[in-house]
Amino acid sequence: LFDMSELSFVNNTWGFLTAGSTVRFNKNGGAQEVPFKPLAPTDIVCYLNYHNLILDSAGTKTITAVAGNSLRVINNLNITNSADFVSNGFNIELNGNWVNSGGYFHAQNNTVIMNSPVASVSTFITSGSTTNNPFANLQISGSGLVKPLDNIKIDNNLNISSGSELRLDTIKMEIRGNWFNNGGTFTSGTSVVNFYGTVAQTLSKTAGTENFYKLNLDNSLGLNINTAGANSEGGIIVNDSLNLLHGNISGRNRQVTALGVITRTGGGFIDAELRKNLWNNSVLGAKLVEKASVKYVVYREYHGDKNEV
């Protein structure tokens, strides 16, 4: 038992020194508490910030405190050997790698904050199983790069903070809530993003367009992109396939650019300005683009004196 519920420091100049250390909770069976907050003072500078945290062996490992902010891990967090890690109403802030290698994560309705603090350094997420280990809310922060190494599932919202980057490469992301890009960078690689909520979903971005490789919409109540970008030049770009399995994409004052095939398995439609390459003649330098309301526009590059056109 690791109990700090009666621990009091003299003042907030006292605290825990954990640099380079590893704490492993490995009771096999039963329950363990994972504390981070002493009785006093209540200042967060006195909280226990784990350097490396390992949840090991069967049984529940539950974050516990009378009250407090986030459980903070300075380096890596590992859930392994059938451990059940329970957030219990607390957010988790992690500066290193999230590694689930055979454990279970119970996110409840809390947020995991993946903070990659160094621009030249990447941090990684290994979920292990999207069935057993979905995130509730996932926030990407810091000046570095956050990269999932396997498929990832988010039951509520994704938030990409300003100056941060989320890179998916070849994986699949499933999201049931809203997508908020508050000035960060999303790099899709050749990934698949599946919006599959049971209530209407929103995709927003502070400026510009959000680029996807493959995008699936499987939500009968639809996806709203009216806040993707700051003006009518915003919206989404889908570089490979856009699949409307169920539901519509709504964005009357935004654009949907589909560079690959569009399928409408569930009969959904795009209620936005649609831009789609239909014909491209490299010899003539001309391109036919489909826009909303079945309007077609031919673009042709011209190199010469504009006064002679």
Side-chain angles (χ1 to χ4, degrees), residues 15-24 36 44-45 47-55 69-80 85 91-101 103 105 107 110-128 130 133 135 137-154 157-173 175 179-193 203-214 228-230 236-237 239:
F16 298 92
L17 300 176
T18 61
S21 67
T22 298
V23 176
R24 181 189 299 265
F36 67 93
I44 61 172
V45 300
Y47 288 7
L48 170 59
N49 295 326
Y50 295 90
H51 187 79
N52 294 297
L53 177 61
I54 301 176
L55 298 313
N69 297 328
S70 302
L71 171 75
R72 189 163 182 243
V73 181
I74 303 301
N75 199 38
N76 299 327
L77 184 149
N78 193 315
I79 310 168
T80 188
F85 185 36
N91 297 332
I92 301 168
E93 183 178 347
L94 180 62
N95 286 2
N97 301 320
W98 177 284
V99 183
N100 194 326
S101 53
F105 176 53
N110 302 123
T111 300
V112 172
I113 304 165
M114 290 295 302
N115 180 44
S116 186
V118 181
S120 59
V121 177
S122 300
T123 57
F124 302 102
I125 301 173
T126 302
S127 295
T130 55
N133 305 308
F135 293 93
N137 300 287
L138 180 63
Q139 179 176 333
I140 308 300
S141 65
S143 57
L145 169 72
V146 176
K147 178 181 174 181
L149 297 180
D150 58 359
N151 293 342
I152 187 169
K153 182 178 179 181
I154 303 169
N157 300 329
L158 169 68
N159 191 313
I160 306 173
S161 301
S162 177
S164 303
E165 181 178 357
L166 173 64
R167 181 178 297 173
L168 296 189
D169 285 353
T170 61
I171 70 159
K172 179 180 180 180
M173 170 182 280
I175 177 168
W179 178 294
F180 301 106
N181 188 335
N182 296 306
T185 299
F186 170 62
T187 304
S188 63
T190 56
S191 64
V192 179
V193 175
L203 184 149
S204 68
K205 186 177 182 180
T206 53
T209 55
E210 198 72 283
N211 278 264
F212 297 90
Y213 185 70
K214 293 183 178 181
I236 62 173
I237 298 174
N239 289 278

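Between the side chain of Asn78 and the backbone N or O of Ile54 there is no donor-acceptor pair closer than 3.5 Å. Under the 3.5 Å distance criterion, the side-chain polar atoms of Thr80 are matched with a main-chain donor or acceptor of Ser101. Under a 3.5 Å cut-off, the side chain of Ser164 and the backbone N or O of Gly142 do form a donor-acceptor pair. No donor-acceptor pair closer than 3.5 Å links the side chain of Thr130 to the backbone N or O of Ile152.
Within the 4.5 Å cutoff, the side chain of Leu166 has heavy atoms near those of the Leu158 side chain. Using a 4.5 Å heavy-atom cutoff, the side chains of Ile44 and Arg72 are not in contact.
The side chain to side chain contact (heavy atoms under 4.5 Å, CB included) search around Thr170 returns Thr190, not counting sequence neighbours. Ser127 is linked by a side-chain hydrogen bond (donor to acceptor under 3.5 Å, both in side chains) to nothing, counting only residues two or more places apart in sequence or in another chain. Residues satisfying the salt bridge (charged side-chain N to carboxylate O under 4.0 Å, His left out) criterion with Lys172, sequence neighbours excluded, are absent altogether. For Ser143, there are no side-chain hydrogen bond (donor to acceptor under 3.5 Å, both in side chains) partners two or more places apart in sequence or in a different chain. Applying the side chain to side chain contact (heavy atoms under 4.5 Å, CB included) criterion to Asp169, with sequence neighbours excluded, gives Lys147, Arg167. Under the side-chain hydrogen bond (donor to acceptor under 3.5 Å, both in side chains) criterion, Asn157 pairs with no residue, sequence neighbours left out. Listed by chain and residue number, Asn182 satisfy the side chain to side chain contact (heavy atoms under 4.5 Å, CB included) test with Thr206 (two or more places apart in sequence, or in another chain). For Asn133, the side chain to side chain contact (heavy atoms under 4.5 Å, CB included) partners two or more places apart in sequence, or in a different chain, are Asn100, Tyr104, Phe105, Ser129. Under the salt bridge (charged side-chain N to carboxylate O under 4.0 Å, His left out) criterion, Asp150 pairs with no residue at all, not counting sequence neighbours. By the ring-ring contact (aromatic ring centres under 6.0 Å, His included) test, Phe186 is found to be paired with Trp179, Phe212, residues two or more places apart in sequence or in another chain being considered.
Atom CD1 of Ile74 is surrounded by more than 12 heavy atoms from other residues, nucleotides or ligands within 6.0 Å.
Within the structure, the side-chain hydrogen bond (donor to acceptor under 3.5 Å, both in side chains) test picks out the following pairs touching residues 110-120 (sequence neighbours left out): Ser87-Asn110, Asn95-Asn115, Asn115-Ser141.
Residues Met114 and Trp98 come closest through the heavy atom pair SD-CB, 4.1 Å. Minimum interatomic distance between Tyr50 and Phe36 (heavy atoms only, all atoms of both residues): CE1-CB, 4.5 Å. Considering every non-hydrogen atom in both Tyr213 and Ser188, the closest pair reads N-OG, 3.5 Å.
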